[in-house]
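The structure appears below as structure tokens.
Just so we're on the same page: letters track the sequence lines, and every chain starts at 1. Basis for what follows: all heavy atoms, side chains included, without hydrogens, waters or symmetry-related copies.
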Protein chains: 2
Amino acid sequence: MSADPRERSVRDVLAANLKAARARKSMSLSRLARLSDLSKATLSQLESGAGNPTIETVSSLARALGEPLARLLEPPARRDMAVVRAGDLAPLTGEGACLRHYGRIESGGLVCDLYEQRIGAGERGECPVREGTEHAVVQAGRLDVFVDGDRVSLGPGDYVSFDAALPHAYAAPGEPVRSVLLVNLPREVP
Amino acid sequence: MSADPRERSVRDVLAANLKAARARKSMSLSRLARLSDLSKATLSQLESGAGNPTIETVSSLARALGEPLARLLEPPARRDMAVVRAGDLAPLTGEGACLRHYGRIESGGLVCDLYEQRIGAGERGECPVREGTEHAVVQAGRLDVFVDGDRVSLGPGDYVSFDAALPHAYAAPGEPVRSVLLVNLPREVP
DNA sequence: GAAAAGTGTGCGTTATAGCGAACGCTTGGA
DNA sequence: TCCAAGCGTTCGCTATAACGCACACTTTTC
């Protein structure tokens, strides 16, 4: 049962995160044991990568450490600097809209994809319905957002967020419009 | 040990997420049991809110369902529509920079705070060093970003992301600059 | 330089997570 | 109509997660 390498990694991820979190707070194993109402023996095993704790054990641990549960169970996010120049990326032209992908933020069970969206004057882009949320900030021009029948008209600096599971579309009623688009989706299985 | 209401909620969250995920995929409990190499008995208990599974059990479940682990253990994100007008929010003027908070995206163990950032001509804003990542997209003007000694100069449409744990600052070398700022932090304990 | 308090790691014991098997139930061929 | 195949639940049994305790070691304190 513990032969599956996938399952082993879950233990190892927890072990690494646990040690890192405890070190970050410069907390002794004994103290953490007291705070979390767990035995030192259990914690020692967990940090060594042995053991297969229950979710309540991990929950107690997360509470004692002041860390969210997911932060203990997921591998830490990568942290490097990235620069994307406006002209560097090939646009993904869809029906009416033109998207450039700036980058991706992976956090917990979700991913945020960040785009620049340009829509030509008088054009309209229907968007795929999907689980998650979308966020848009208008940079220049006037942007109409249609969500589930409703229409919201946005000017420069205005912001909207909505459930992407509802049918929705973006349109530029008059002049061309430029906006920053944030698409927040459940992460596919890695 | 199971008297703590906090721990109880972890079970309930899992139970709810599990039932929802299985229903979404219209998968029978028996089939899920086969896919995940768990017994029907165990799954039945978990979905009823009884039981306190180990992380390997939850991991097997997540794999079988094609859902990320965090998505089973964290309460689902709220999903309502929100509109923020450019003039609606009071700016948070700091040293050199002026921030307006558009909204917050909670996902997994992290939160994304979304801001509009304005910096006056020739001004420079030092930012607090903190765990997480920052992302910026320039809307208008020229933005200098200083990260750990390095300087990156960005024009309209350019994008940068970096580790917020490094010392960093934003500056407008010439004219005033407007940008969308995304601050991605670990969620504090709820 | 003991004594005292703290650290993390190994034991045997106990409570329980997960299992297989049997159950009652509904569905849909033959 | 009866039987076969699926469903989800319940019940002992067994493996094991978490425990208490003792241990070796380091650091503090008087």
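- The nearest whole Å value for the distance from the CZ atom in B/Arg31 to the P atom in D/dC7 is 9 Å.
- Set against C/dG20, D/dC7, C/dG8, the side chain of A/Arg22 has C/dG8 as its closest nucleotide.
- Distances were taken from every side-chain heavy atom of A/Ser39 (C-beta onward) to each of D/dC19, C/dT7, C/dC19; the shortest belongs to D/dC19.
- Positionally, the nearest nucleotide of DNA chain D for B/Lys40 lies more toward the 5' end than for the other of B/Lys40 and B/Thr54.
- Summarising the geometry, the separation between CG on B/Leu46 and P on D/dG8 is reported as 14 Å, rounded to the nearest angstrom.
- Proximity of B/Thr57 to the phosphate of C/dG18: a side-chain N or O atom is located under 4.0 Å from OP1 or OP2.
- Across the interface with DNA chain D, nearest-nucleotide mapping of B/Gln45 and B/Ser30 shows B/Ser30 to be the residue nearer the 5′ end.
- Rounded to whole Å, the distance from CG on A/Asp37 to P on D/dC19 is 9 Å.
- Going from atom CG of A/Leu43 over to atom P of C/dG8 covers 10 Å, rounded to whole Å.
- Looking at heavy-atom distances under 4.0 Å, B/Leu38 makes contact with sugar-phosphate atoms alone, never a base.
- Side chain of A/Arg178 to main chain of A/Arg118: no donor-acceptor pair is present (N/O by atom type, distance under 3.5 Å, no hydrogens or angles).
- Listed pair A/Arg34 / C/dT7 meets the phosphate criterion, a side-chain N or O lying under 4.0 Å from OP1 or OP2.
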May I have the list of side-chain donor-acceptor pairs in residues 138-148 of chain A shorter than 3.5 Å, sequence neighbours left out?
from     : atom 1 : to       : atom 2 : distance (Å)
A/Arg142 : NE     : A/Ser153 : OG     : 3.1
A/Asp144 : OD1    : A/Arg151 : NH1    : 3.4
A/Asp144 : OD1    : A/Ser153 : OG     : 3.2
A/Asp144 : OD2    : A/Arg151 : NH1    : 2.8

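- Here C/dG8 is the nucleotide among D/dA17, D/dT10, C/dG8 with the atom lying nearest to any side-chain atom of A/Ser28.
- With D/dG20, C/dT7, C/dG8 as the choices, the nucleotide that has an atom nearest any side-chain atom of A/Leu29 turns out to be C/dG8.
- Taking NE2 of B/His101 as the reference point, atom CG of B/Leu114 lies at 7.5 Å (rounded to 0.5 Å).
- Along DNA chain C, the nucleotide closest to A/Met27 and the one closest to B/Ile55 are compared, and the more 5′ of them pairs with A/Met27.
- Proximity of A/Ser44 to the phosphate of C/dT9: a side-chain N or O atom is located under 4.0 Å from OP1 or OP2.
- The pair A/Glu47-A/Lys19 does not meet the salt-bridge criterion, since no charged nitrogen lies less than 4.0 angstrom from a carboxylate oxygen.
- One interatomic measurement links the two molecules: CD of A/Glu47 to P of C/dG10, which rounds to 13 Å at whole-angstrom precision.
- Proximity of a side-chain donor or acceptor of A/Ser60 to a complementary backbone N or O of A/Glu56 within less than 3.5 Å is detected.
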